[in-house]
2 protein chains.
Amino acid sequence: MTTLNRPGKPDGHVCGIDTAMEVIGGKWKVLILWALHDQPHRRFGELRRLVPGVTEKVLASHLREMEEDGIVRRVSYDEVPPRVEYSLTEDGTRLNKALEPLGEWGRERAAG
Amino acid sequence: MTTLNRPGKPDGHVCGIDTAMEVIGGKWKVLILWALHDQPHRRFGELRRLVPGVTEKVLASHLREMEEDGIVRRVSYDEVPPRVEYSLTEDGTRLNKALEPLGEWGRERAAG
DNA sequence: GTGGGTGGTTACCCTGTGGTGAGCGAGCAG
DNA sequence: CTGCTCGCTCACCACAGGGTAACCACCCAC
């Protein structure tokens with residue numbers, strides 16, 4: 001279950017890694033984090049362009065979950081046309097840093 | 001697709017992290033890695049006990065995928081009753097190390 | 001009045017992943 | 001001859017995560 005419902009999930013965690021895996025388990029979440037890492041604020045449409053292939057529905061639901069998980073901050077300005085800005089929380093920033101060695105591993109492997 | 005078929009997957013990787021996510025994307029893979037990290041060799045039944053909740057079929061297929069991905073080494077002894085030992089390759093060991101910061105992040109978060 | 005651009009929501013469908021349970025091959029203990 | 005162990009394999013099935021598409025409210029420019 002990646003989409004909503006944290007309540008269920010009686011599994012119990014063996015180690016910290018699966019706690020983290022739950023948070024980044026969605027298909028696009030790491031890419032969203034990645035897209036968020038270098039700019040302080042990103043708009044919805046921007047993210048959609050930065051994460052090629054994601055649909056609006058899924059992007060919206062992933063962002064909502066990440067907000068619930070406390071790794072993304074959502075600020076909605078009451079303007080027209082509507083403007084919403086997403087940014088990493090401090091926890092999200094630390095998560096992103098924790099993801100870096102993994103990214104390096106992947107890059108090495110891709111390089112062959 | 002986590003189970004078999006690397007061939008497809010035209011997606012193209014945005015960054016190294018999703019390369020890694022593909023490898024550890026299975027539901028139990030990080031736990032298997034974790035179970036493999038402290039002993040040089042683990043037997044099938046041992047792993048099944050160490051990863052509570054996994055079924056034999058899924059454990060077998062995950063191990064097979066991890067072997068294909070070059071992070072797990074499988075050695076089968078031609079004895080009776082059959083004996084098969086699994087261990088991390090060097091690449092798998094490095095992956096496990098790359099996973100550590102993530103585990104720490106998860107532990108901190110679980111601690112609240 | 002109609003088209004565009006914003007950031008969504010809702011309904012429905014489909015595929016892949018993982019779960020269930022059975023069976024198998026070979027030898028040994030009893 | 002029966003049952004047990006070990007490491008699987010096979011056939012089948014359920015479900016949830018993700019994809020598709022339509023729709024909404026709002027205001028502006030044309």
Side-chain angles (χ1 to χ4, degrees), chain A residues 1-11 18 21-32 35 41-69 72-87, chain B residues 1-11 18 21-32 35-36 41-68 72-87:
Chain A
M1 196 126 303
T2 307
T3 318
L4 297 170
N5 80 321
R6 316 287 149 185
K9 185 62 182 175
D11 298 29
D18 52 350
M21 289 303 289
E22 256 175 69
V23 174
I24 57 173
K27 185 170 178 184
W28 307 96
K29 295 211 179 148
V30 295
L31 297 182
I32 295 173
H41 303 283
R42 290 287 194 191
R43 305 193 51 182
F44 187 86
E46 237 176 339
L47 288 173
R48 195 162 41 127
R49 266 169 266 125
L50 285 167
V51 182
V54 73
T55 62
E56 296 181 349
K57 171 202 157 189
V58 173
L59 179 55
S61 72
H62 278 192
L63 283 169
R64 198 167 296 274
E65 288 173 33
M66 293 164 83
E67 194 195 353
E68 282 175 17
D69 283 332
V72 157
R73 189 179 300 114
R74 186 192 128 111
V75 181
S76 156
Y77 299 87
D78 221 15
E79 304 172 357
V80 145
R83 182 162 64 101
V84 183
E85 288 190 344
Y86 296 92
S87 56
Chain B
M1 192 126 304
T2 306
T3 318
L4 296 169
N5 84 320
R6 315 289 151 185
K9 185 59 180 178
D11 297 30
D18 52 349
M21 288 305 289
E22 256 177 70
V23 174
I24 58 172
K27 185 171 178 183
W28 308 95
K29 294 211 180 149
V30 294
L31 297 181
I32 295 173
L36 243 29
H41 303 283
R42 291 286 193 193
R43 304 192 52 179
F44 187 86
E46 235 175 338
L47 287 174
R48 195 162 42 128
R49 267 168 265 125
L50 286 169
V51 182
V54 73
T55 61
E56 295 181 346
K57 171 203 158 189
V58 173
L59 179 56
S61 70
H62 277 189
L63 283 168
R64 197 166 296 273
E65 289 172 33
M66 293 164 84
E67 193 195 355
E68 283 176 15
V72 158
R73 188 179 302 113
R74 186 193 124 110
V75 180
S76 156
Y77 299 87
D78 222 15
E79 305 173 354
V80 146
R83 181 163 63 102
V84 181
E85 288 189 342
Y86 295 92
S87 54

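Lettering follows sequence order; numbering is per chain, from 1. Because the structure is a prediction, the values reported are computed rather than measured.
Between the CG atom of A/Leu59 and the P atom of D/dT20 there is a distance of 14 Å, rounded to whole Å. The distance from atom CG of B/Leu31 to atom P of C/dG18 is 12 Å, rounded to the nearest whole Å. Rounded to a whole Å, the CD atom of B/Glu79 is 11 Å from the C1' atom of D/dC6. Atom-to-atom, CD of B/Glu85 to P of D/dC6 comes out at 14 Å; the value is rounded to the nearest Å. Between the C1' atom of C/dG8 and the NE2 atom of A/His62 lies a distance of 16 Å, rounded to the nearest Å. One atom, CD1 of B/Ile32, and another, P of D/dG7, lie 15 Å apart when rounded to the nearest Å.
Picking from D/dG19, C/dG18, D/dT9 the nucleotide with the shortest atom distance to the side chain of B/Ala60 gives D/dT9. You'll find that the side chain of B/Lys57 is closest to D/dA11, out of C/dT10, D/dA11, C/dG8.
The side-chain contact (heavy atoms from CB on, under 4.5 Å) check on A/Glu56 picks up A/Phe44, A/Arg48, with sequence neighbours excluded. Scored by the salt bridge (charged side-chain N to carboxylate O under 4.0 Å, His left out) test, A/Arg83 finds A/Glu79, A/Glu85 as partners (sequence neighbours excluded). Listed by chain and residue number, A/Glu46 satisfy the side-chain contact (heavy atoms from CB on, under 4.5 Å) test with A/Arg49 (two or more places apart in sequence, or in another chain). Residues forming a side-chain contact (heavy atoms from CB on, under 4.5 Å) with A/Ala35 (at least two apart in sequence, or on another chain): A/Leu47, A/Leu50, A/Val51.
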Protein within reach of the bases, or only the backbone? For nucleotides 2-7 of chain C, mark each nucleotide 5' to 3' as B, S or -, using heavy atoms under 4.0 Å. ---BBS
